[in-house]
Amino acid sequence: MKSYRKELWFNTTTRRAYINITQEVNSCLRESGIKEGIALVNAMHITSSVFINDDESGLHRDFEEWLEKLAPHEPHSHQYSHNVGEDNADAHLKRQIMGREAVVAITDGKLDLGTWEQIFYGEFDGMRKKRVLVKIIGQ
Ligand code: ZN
């Protein structure tokens with residue numbers, strides 16, 4: 001069995017962002033040389049997510065509005081017990097609902113994704129360096 005590990009780094013220019021990382025994960029898969037197996041892609045921070053969905057800008061605006069309704073960033077001052085000396089309670093909650101990781105099957109050397117499935121990095125407390133782990137195992 002082969003094993004491959006790589007960290008992808010992000011430093012978004014905005015507090016929140018949705019970045020399609022499918023091509024980066026594909027590059028990792030090519031580098032790994034693995035043809036059959038499983039790829040795990042996970043955020044290494046508790047205020048960002050990795051998830052799979054459609055690469056459609058309207059949907060990304062919908063995510064943004066929906067998450068802001070569920071867990072508004074502002075005002076920081078009240079509503080969140082976590083925001084004592086912090087301002088990112090909303091980002092922890094957004095991460096929880098959007099998930100920590102994606103797991104994708106590898107078949108014939110390719111990510112075995114559904115027709116419209118793309119892998120995203122969801123940033124909820126950005127403008128600083130953060131990482132995503134790509135772990136691929138198989139043969
Ligand atoms: Zn926090």
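Every number for a ligand or one of its atoms is a count from 1 in the order of the listing.
A parallel orientation is assigned to the rings of Phe51 and Phe120, their planes being inclined by less than 30° (bins at 30° and 60°).
Of the N and O atoms on the side chains of Ser32 and Lys6, not one donor lies less than 3.5 Å from an acceptor on the other residue. No side-chain donor from either of Tyr80 and Glu86 sits under 3.5 Å from a side-chain acceptor of the other.
The CG atom of Asn20 lies 7.5 Å from the NE2 atom of His60; values are rounded to the nearest 0.5 Å.
The pair Asp108-Lys35 does not meet the salt-bridge criterion, since no charged nitrogen lies less than 4.0 angstrom from a carboxylate oxygen.
Asp112 contributes no side-chain N or O that, together with a main-chain N or O of Ala105, makes up a donor-acceptor pair within less than 3.5 Å.
Near-neighbour remark for the Zn ion (ligand 1): protein N, O or S atoms under 2.8 Å are His82 NE2, Glu86 OE1, Asn88 OD1, His92 NE2; waters not counted.
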